[in-house]
Structure formats: structure tokens, C-alpha cells
*Asks:* 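Quick one: the structure is below, and I'll ask about it shortly.
We number each residue from 1, following the sequence as shown.
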Amino acid sequence: MEYYITDTHCHITCDMLYDQVETIIEHAKEHHIKRMLVVCTNFQEYERAMKLKEQETEIFDVALGFHPNDLYNFKEKDYQKLETLLRDDKLIAVGEIGLDYHWDDVTKEDQIVGFRKQLELAKKYDKPVLIHMREATKDTVDVLKKYAPLKGIIHCYSGSYETAQELMKVGFYISYGGPLTFKNSRGAPEVAKRIPCDRLFVETDSPYLTPHPYRGKQNEPMYANVTFQKLCEIKEMDEKTLADQLEENYIKVFKK
């Protein structure tokens, strides 16, 4: 039985992938991908994504946000420009935004300031948010709780079931990427099995985190189907049933 899924987090307009974008789109269509949520981390990527959306409206949705490790690249005028795009309904979501304490490119204090500013814009214009959370679980959850209720996705989730429960109470959905398929990823399948299907998504985070058995290759949206197949195995569900549920989830979060 035929099924179609959405890659809910891909960076196909980044410099690493954009010169291959036509081939990437064709690959995606050949591997059950009906839609790609293109996540942009700067305005150049956003302009590229909007050109793609103009060409194939039904295939692409576009999000933009300032990544926590890039915040020093953005000034107040950039936040104003982001607000203009939100006010003009040019974006389906704000993201990816959040906290990343793995790197020290931006201080923790400044990351929180930038995170809060973007959450406030998302709340003001009633947009979902795409959350990046790396080695900053407690602070991320604490900040999000202050803005509850929220709607959006915790992207490429790798945390515990208990943390997932806290995030779902705030209003979030949990998205899994390539690491769900890794042979050393024992905890993630156990957590994914416990999360209700009506709170789940799959993604690639391409060009990063290519799933097994394609690790070492450049990631792209077609590989979302590999992670999806793994999720079907974990949930003991057939493809069509789970795909239909994920599509219903997407509509609830992004299409209102």
C-alpha cells in the first residue's frame, strides 16, 4: 500500500546542498517524501527556500530562525526583519532555535537571550517553533515552560522519556532523525516506543546525521524514509497507518 511522509527538518538550501537541490528533490520524490520542511538559518537560505516554494508550492514549507551557535552574526535589525516575515505570514515556523552548550561560540547567557527573543516573536504571531537542544536539557525545558503553552517540534530528539513527557506537556512533538537507526543508539528506540504516535515526527537534519546503513554519505531528505521504516519497526505498525498519523500530526502543528 502506498504511503507518503514529510521530512520535518532539512537544510537543503545550505551551501553544502543547494547546488544539488534539483537532484535532491527528485531523490526525495522517489522515496515516499511528499513534503520537506526547509529549515533556514540565515536570510540567504530563506531566499533560496522561497524560490523553491514558488516553483513547487505543495512540496515545500519554510522555517527560519537564528541558531544558538550563530547568534553573534545577527543584530537587532535582523530580528526586526524576522518579525516582518512573520507578520507577513512568510514562514510556517520559527526555527531552528534553542540552546547548544556543546560549543562555546556564544555564551550561555546570550544564547538564552536570543532564544527568548525568538520565542516571543513566535508567540506574538502564533507560529510553531523548531527546537534545537544539545547538552542543555534543563535550561531549554525551563525556558520553554515559561512560554507555555507552545506548539512545535523538538528536532532530532535524543533525550529520555521523562524529558519527552515534560516537553509534550508544554505542547511539543518529538522528532527522530538518523541517530534512531544507529547500532549504538539503544536508548532512543526504547524512548520512541513509549511516545504516542500522535506526538511523533521523522526528519533528516540533512546534510547531517545520515541514517544507518548510509552513514558516511551526505544526508538528504530521501533518507527520512529509512528513519521512518525504523520507527515502523519500533512501533510495530505498517507504513500506511503510521504515515497517515504523522501527516495528521503535521496538519495539527503547522496547518491549523
Side-chain angles (χ1 to χ4, degrees), residues 2-42 44-46 48-49 51-53 55-56 59-63 65 67 69-70 95-96 98 100 102-103 105 130-135 153-159 174-192 200-235 239 242-243 246 250:
E2 197 66 87
Y3 67 91
Y4 298 96
I5 60 174
T6 295
D7 179 356
T8 61
H9 198 110
C10 60
H11 297 281
I12 61 171
T13 57
C14 74
D15 289 343
M16 290 174 64
L17 294 182
Y18 190 59
D19 62 349
Q20 311 161 53
V21 74
E22 292 183 5
T23 301
I24 286 168
I25 292 167
E26 289 306 310
H27 287 168
K29 291 177 179 179
E30 293 166 1
H31 289 82
H32 302 276
I33 310 302
K34 68 174 290 184
R35 186 193 297 111
M36 290 165 262
L37 176 46
V38 184
V39 180
C40 306
T41 62
N42 57 54
Q44 181 185 46
E45 292 179 2
Y46 164 76
R48 291 169 174 174
K51 287 180 181 178
L52 293 176
K53 187 169 177 63
Q55 294 166 11
E56 299 195 66
I59 295 177
F60 298 107
D61 286 325
V62 180
H67 190 283
N69 296 137
D70 298 336
E96 65 189 276
D100 188 326
H102 181 76
W103 307 107
D105 301 321
L130 311 176
I131 301 300
H132 175 101
M133 179 175 69
R134 187 177 188 189
E135 297 178 19
I153 298 176
I154 308 298
H155 112 86
C156 210
Y157 188 70
S158 61
I174 305 299
S175 181
Y176 283 99
L180 184 68
T181 71
F182 294 174
K183 289 184 176 180
N184 62 353
S185 182
R186 296 176 182 174
E190 294 172 2
V191 175
L200 283 170
F201 286 113
V202 293
E203 62 172 271
T204 58
D205 196 23
S206 51
Y208 314 106
L209 299 175
T210 311
H212 175 80
Y214 303 100
R215 293 183 75 177
K217 293 186 177 182
Q218 180 175 264
N219 204 3
E220 56 181 280
M222 70 173 176
Y223 292 127
N225 192 43
V226 177
T227 301
F228 173 73
Q229 291 286 338
K230 180 65 175 181
L231 190 61
C232 289
E233 175 189 321
I234 291 167
K235 304 298 278 186
E239 291 95 340
L242 185 56
L246 299 190
Y250 193 89

*Asks:* In the structure I gave you, are the side-chain heavy atoms of M36 and I12 within less than 4.5 Å of one another anywhere?
*Replies:*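 SC-SC contact between M36 and I12 confirmed.
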*Asks:* Does a side-chain heavy-atom distance below 4.5 Å link L246 with L200?
*Replies:*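 Counting from C-beta outward, L246 and L200 do come under 4.5 Å.
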*Asks:* In this structure, are over 12 heavy atoms from other groups packed under 6.0 Å from F182 atom CZ?
*Replies:*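 More than 12 within 6.0 Å, yes.
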*Asks:* Taking atom types as modelled, is there a side-chain donor on E96 or H11 under 3.5 Å from an acceptor on the other?
*Replies:* yes
*Asks:* Taking side chain as C-beta onward, heavy atoms only, is Y223 less than 4.5 Å from K217?
*Replies:*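 Answer yes - side chains close enough.
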*Asks:* Using modelled atom types only, decide if a donor and an acceptor are shared between the side chain of T13 and the backbone of E45 within a distance under 3.5 Å.
*Replies:* yes
*Asks:* What I'd like to find out is whether the side chain of R35 reaches to under 4.5 Å of the side chain of Y250, using heavy atoms alone.
*Replies:*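 Side chain of R35 against side chain of Y250, heavy atoms only: contact under 4.5 Å found.
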*Asks:* Are side-chain N/O atoms of E220 and Q20 paired as donor and acceptor at under 3.5 Å?
*Replies:* no
*Asks:* Do T210 side-chain atoms and R215 backbone N/O form a donor-acceptor pair below 3.5 Å?
*Replies:* no
*Asks:* With a 4.5 Å heavy-atom cut-off, do C40 and V62 have their side chains touching?
*Replies:* yes
*Asks:* Within the 4.5 Å heavy-atom criterion, are V38 and R48 side-chain neighbours or not?
*Replies:* no
*Asks:* Write down the atom of E56, the atom of I25, and the distance for their closest heavy-atom approach.
*Replies:* OE2-CG2, 4.0 Å
*Asks:* If you count heavy atoms of other groups shown closer than 6.0 angstrom to CD of E30, is the number above 12?
*Replies:*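 For E30, atom CD is crowded (more than 12 foreign heavy atoms under 6.0 Å).
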*Asks:* Between the side chains of T204 and D7, is a donor N or O closer than 3.5 angstrom to an acceptor N or O?
*Replies:* yes
*Asks:* Might you point out which heavy atoms bring A192 and L180 nearest each other, and give the distance in Å?
*Replies:*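 Minimum heavy-atom contact is CB-CD1, 4.1 Å.
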*Asks:* Could you check whether any side-chain heavy atom of K230 comes within less than 4.5 Å of a side-chain heavy atom of V226, counting everything from C-beta outward?
*Replies:* no
*Asks:* In the structure I gave you, are the side-chain heavy atoms of F60 and Q55 within less than 4.5 Å of one another anywhere?
*Replies:*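 Sidechains of Q55 and F60: no contact.
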